[in-house]
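In the text below, chain A, chain B and the rest are named by the order of the sequence lines, each starting its count at 1.
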Protein chains: 4
Amino acid sequence: MIITLKKDTPKNEVERIIKSYEDRGFQVNNSQGSNYHILGLIGDTTSLDEKIIKANPWIEDVTRIAAPYKKANRLFHPEDTIVEAAGIKIGGNEKIVIIGGPCSVEGEDQICRIAQEVKDAGGTMLRGGAYKPRTSPYAFQGLESEGIRAMAEARKRTGLPIVSELMDAEHIDEFVENVDIIQIGARNMQNFSLLKAVGKTKKPILLKRGLANTIEEWIMSAEYIMAGGNENVILCERGIRTFEKYTRNTLDLSVVPIIKEKTHLPIIIDPSHATGNWKLIESMSLAAIAAGADGLIIEVHDNPECAWSDGAQSLKPEKFANVIKKGRAIAQVIGRDL
Amino acid sequence: MIITLKKDTPKNEVERIIKSYEDRGFQVNNSQGSNYHILGLIGDTTSLDEKIIKANPWIEDVTRIAAPYKKANRLFHPEDTIVEAAGIKIGGNEKIVIIGGPCSVEGEDQICRIAQEVKDAGGTMLRGGAYKPRTSPYAFQGLESEGIRAMAEARKRTGLPIVSELMDAEHIDEFVENVDIIQIGARNMQNFSLLKAVGKTKKPILLKRGLANTIEEWIMSAEYIMAGGNENVILCERGIRTFEKYTRNTLDLSVVPIIKEKTHLPIIIDPSHATGNWKLIESMSLAAIAAGADGLIIEVHDNPECAWSDGAQSLKPEKFANVIKKGRAIAQVIGRDL
Amino acid sequence: MIITLKKDTPKNEVERIIKSYEDRGFQVNNSQGSNYHILGLIGDTTSLDEKIIKANPWIEDVTRIAAPYKKANRLFHPEDTIVEAAGIKIGGNEKIVIIGGPCSVEGEDQICRIAQEVKDAGGTMLRGGAYKPRTSPYAFQGLESEGIRAMAEARKRTGLPIVSELMDAEHIDEFVENVDIIQIGARNMQNFSLLKAVGKTKKPILLKRGLANTIEEWIMSAEYIMAGGNENVILCERGIRTFEKYTRNTLDLSVVPIIKEKTHLPIIIDPSHATGNWKLIESMSLAAIAAGADGLIIEVHDNPECAWSDGAQSLKPEKFANVIKKGRAIAQVIGRDL
Amino acid sequence: MIITLKKDTPKNEVERIIKSYEDRGFQVNNSQGSNYHILGLIGDTTSLDEKIIKANPWIEDVTRIAAPYKKANRLFHPEDTIVEAAGIKIGGNEKIVIIGGPCSVEGEDQICRIAQEVKDAGGTMLRGGAYKPRTSPYAFQGLESEGIRAMAEARKRTGLPIVSELMDAEHIDEFVENVDIIQIGARNMQNFSLLKAVGKTKKPILLKRGLANTIEEWIMSAEYIMAGGNENVILCERGIRTFEKYTRNTLDLSVVPIIKEKTHLPIIIDPSHATGNWKLIESMSLAAIAAGADGLIIEVHDNPECAWSDGAQSLKPEKFANVIKKGRAIAQVIGRDL
């Protein structure tokens, strides 16, 4: 960590600052420029907080050199983590996973019918929302426990493992018991109470990136889960908020190589929420695979127009099958399978 | 609500769509342009979901005319709401409230000492974090219940009502019992489970705007609390995330007149989190008062350099007193008191 | 265009507004909701300005239904435009073009040597900056005319057509005479004087998207050039500015299918400026091809560390060849050639 | 400047890098951490380019400590610069200037009439657009030379100095001769050819911040003008582009104290373009004065509904007079006059 002091910082203040860090076990490298005075701290800085250091009015700026995360850091864990969910392996050089299903579970018939179509198209897992985070209190809030039960039935019939979003710690036992991957939604990426709660389980966690969270903050949220004892974290990019209004969000595919460089965790892409528009899903799915993603999570509905939520971003099963077919050919070009 | 159909939409499809809305009680106004076909829906559209309507491939676009919120809407509730917390009135043409205190409660001595300084400087309420949302799992997470207890002691000694952040529904009874205003933090603005939980209480709620949430989403989160039965909502702007790197966030003061136009709720400003830099707090506080804000929430610490969190954005008590003094003079120019 | 009036707008004001648009040749559809009064204008609204209409205090909002562009609009020009530059066709289902070369021309030897490497690797055109837009007045500003001359020499030796950025109208004759595609840089996307100037030529124009410009504004800048008489416009996405700090910009690949839906113009991708980091270029290039882009423009330098500008985002020739090889295989999956 | 090397960088590579900077006159401080190797460069780094340094694959990151600007830097020029335009002083502790006038000059009668109203209301300068940057090629592009002539006539009649936007270097002589302050618009903030051109004059330049430009880039554009020999630069904030859709842009008032800390130049605020909405102008104007701005530039039109551009963001003269009256009282609170 680099601390930049104002050039007229009094000598005894400089000495006091240096001593305070030496007392905490850091080696301090002291270098005097023409306009600034610079201190370099050598040691484990993950627990230092830039915002506290900057409160000293003699300190002009603080720059972190080492990343603030440890368990997620590729530097200390060079091999890829492969997360296993109900027998399906995600990450490393494993097969690319394709998770399909409706935004909301609307009933047992609907989810079982769509599950079969996802399976027939070549999908490997089933997604479905039982507890729904909705912007409006007047919108459909999900079938809740009844939805989880219906998904479990769909798994029984098709064999597809299931992914669903957990919105609060109160329902964690229900999810641990019934769901194969627990999703933490974008709006809860920094709901630290919830992160701590899932960190105490051993379930695979699909951690979506927040609408306006940096890659570093996202990795720090993974670190929360891992620091709690659960290293089965899968990261999921679902678009970030920008000034552009044509798409609901802006899909940031550059995170694929970045996450693979900075961490050892699997990364999958959600083109449905990223674009909000079914017409863009095929091209963004193929692009994600070409970029090296470990999987896709795509909304599939057999009658999007009558879906109870987010129909505009759902693919019909035949279009979903088409994405898988072309995606497989692209995967092979880059040495992966699907 | 305006639905734009593609111009080559088949006649029977247009009729089918019109009938589907008429069946749900809407009056449908049908108008044919040269390149588009437009339907205007007249009726209460708050429960319609644009994302579902757009799933129809003949539909080019959907535009909402009426706001999606009702209880928070100035249109249906023209008089200002005045929220009362422990005898202090917030909103309307009441005195501007000044809430001061440390980012984190660090112990009974610290919070009682700072509470006295906030009071002496002319502050009207005390803030302090007991449960802390921290980006890093390795950072100080707050004194928790011990912090709430220490704040209650500070209230007893100084008479200042207290404001603190609730991070999960599990602690709601502790907050209802001990705290005068419950704060919902920016990262939890769309934690809908938590919004529903506080909507069931009668406590005043300070609802911070999310880092990347639009004004409409923010009002919709207030609507969640109000729809649950608790109309004591105070909105708080604390800066939004933009491309600019010099400040931690960008303070959006235009929300002050906008919130007053669109809603009847009080709006206060948090210049500490908005800027992340104590040097900018005085000017942004005065600007907020000039813009018409109903209050300020400012971090105050008697030794920012040794604060356990966010020292860089804390004012020393004498600077805080200075903000209040100048702020009072500005308030008078615009016909308010402080 | 939809005009929303406040519900208490006086009857004679409504009539006055309606008449003012009827007098200008629009058909006006008048519909009264419970809380708003809505007017629909039918006719050619491209020359209407929402910002002027909104000045009427009785008008709550104005919503454009038809796009504000005509010549670039796919609606009025369904077939793909294929731009031809020195015999190379760009757009439609033509071969994907690969433009490679250094950020800055550093001398005749350098540009001729790199041109040969671009050609050997399978590149189809040569890029190089002679006039350089640099953030700092103290940075290298380009070899100017000497750079254009060196590029012309590289074309003579290799046969590769050349692309270079024009920064002001003063040099337009030099560019028309010596360059095959004139690039308008991101920072000049709304330099309307420059757009008008190149609109008077017949040269192919590579129009980069501005750092913070919406897709609609970008198409409107293409419309400027086309309205001036030059329909040879190629759009180029090079990343947009967001809150994320790890990459220089955020590459928005969703523009590929959007531009193809909204316009008939070719669209190419610049992964070098979009990411600012050579380690991300291969994956983003392959993703762009999978998404359906008509071409790539990539910085190539045989000694990036000694480049006079932007070395961090330049590929070495062997890595560039590798991108082309894999890109060709991906192009074939989606039915294109490269 | 701090250069972070990967920890396994070969010793001879480290030595080679150190030597290359020592050869260029820098003192290099070499420090070895557990996971990184850090070099600190001491000397004048304004001409170093981070993007070139980063091209070395052993280099992990580069951090600039000293600001990249010199002439605009408060560090080397501690006293406030006061820019003088036709006898009016801007900056330092001088009177706050109020510049009013229409978006577009529409004719001699209109501009002379509005000029008189600006003067009567207490305004100190007249603004008006003769050459207009418009998003659409089909929108009114300004009266051009005829507009400049009409403004000169308004100055003759009222004595108010005039401000107008220069869009290309071609018209620079006309502006130097006829205009008191030359405005560089937001869209041209990084039109470096234009910055160099006005840097060769001695006219005061009003440099608007670009829609998505950082404070540092904005100061660098001022540096371009100053490096060319013209130190009469006034900075003008006019809102930045964010995800929020309710306002046209987001006004960033924190730039006022930041510009005063980092530079010695005057800073004024344009609430009209920042908000795009006349209803927000009064509160944002008063906030700007409370924040310490050296002036305001406000659109004023006596018939906004019939304005030829941007009527929605124009104040009527009586509202403009009201802003000045309240603004004066606020100015006095913070020790300024208006």
Item to check | side chain to side chain donor-acceptor pair (under 3.5 Å) against A:Tyr224, all qualifying residues, sequence neighbours excluded | outcome: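 Only B:Gln141 meet the side chain to side chain donor-acceptor pair (under 3.5 Å) criterion with A:Tyr224.
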
Next on the checklist: Give me the atom names and distance for the closest heavy-atom approach of A:Asn30 to D:Asn29.
Outcome noted: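 What the structure gives for the nearest pair is O-ND2, 4.3 Å.
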
Item to check | Rounded distance (nearest 0.5 Å) linking atom OG1 of D:Thr242 with atom CZ of A:Arg241 | outcome: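 Those atoms lie 10.5 Å apart.
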
Item to check | Worked verdict on A:Ile65 versus D:Ile38 for side chain to side chain contact (heavy atoms under 4.5 Å, CB included) | outcome: CA-CA 9 Å; A:Ile65 299 298; D:Ile38 290 164; 3.9 Å; yes

Next on the checklist: Within residues 74-81 of chain D, which residues come under 4.5 Å of chain A, heavy atom to heavy atom?
Outcome noted: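 Answer by number: D:Leu75, D:Phe76.
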
Item to check | Inter-chain contacts: residues 2-21 of chain D against chain A, heavy atoms under 4.5 Å | outcome: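 If one takes a 4.5 Å heavy-atom cut-off, the residues of residues 2-21 of chain D near chain A are D:Ile2, D:Thr4.
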
Checklist entry - Is there any residue in residues 247-270 of chain A with a non-hydrogen atom under 4.5 Å from a non-hydrogen atom of chain D, and which ones are they? => result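 Those residues of residues 247-270 of chain A which have a heavy atom under 4.5 Å from chain D are A:Lys262.
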
Checklist entry - Is it the backbone or the side chain of D:Glu244 that comes under 4.5 Å from a heavy atom of chain A, or both, or neither? => result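 Contact with chain A: none, neither part.
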
Next on the checklist: If I measure from the heavy atoms of chain D, does A:Gln32 come under 4.5 Å with its side chain, its backbone, both, or neither?
Outcome noted: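 Backbone only.
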
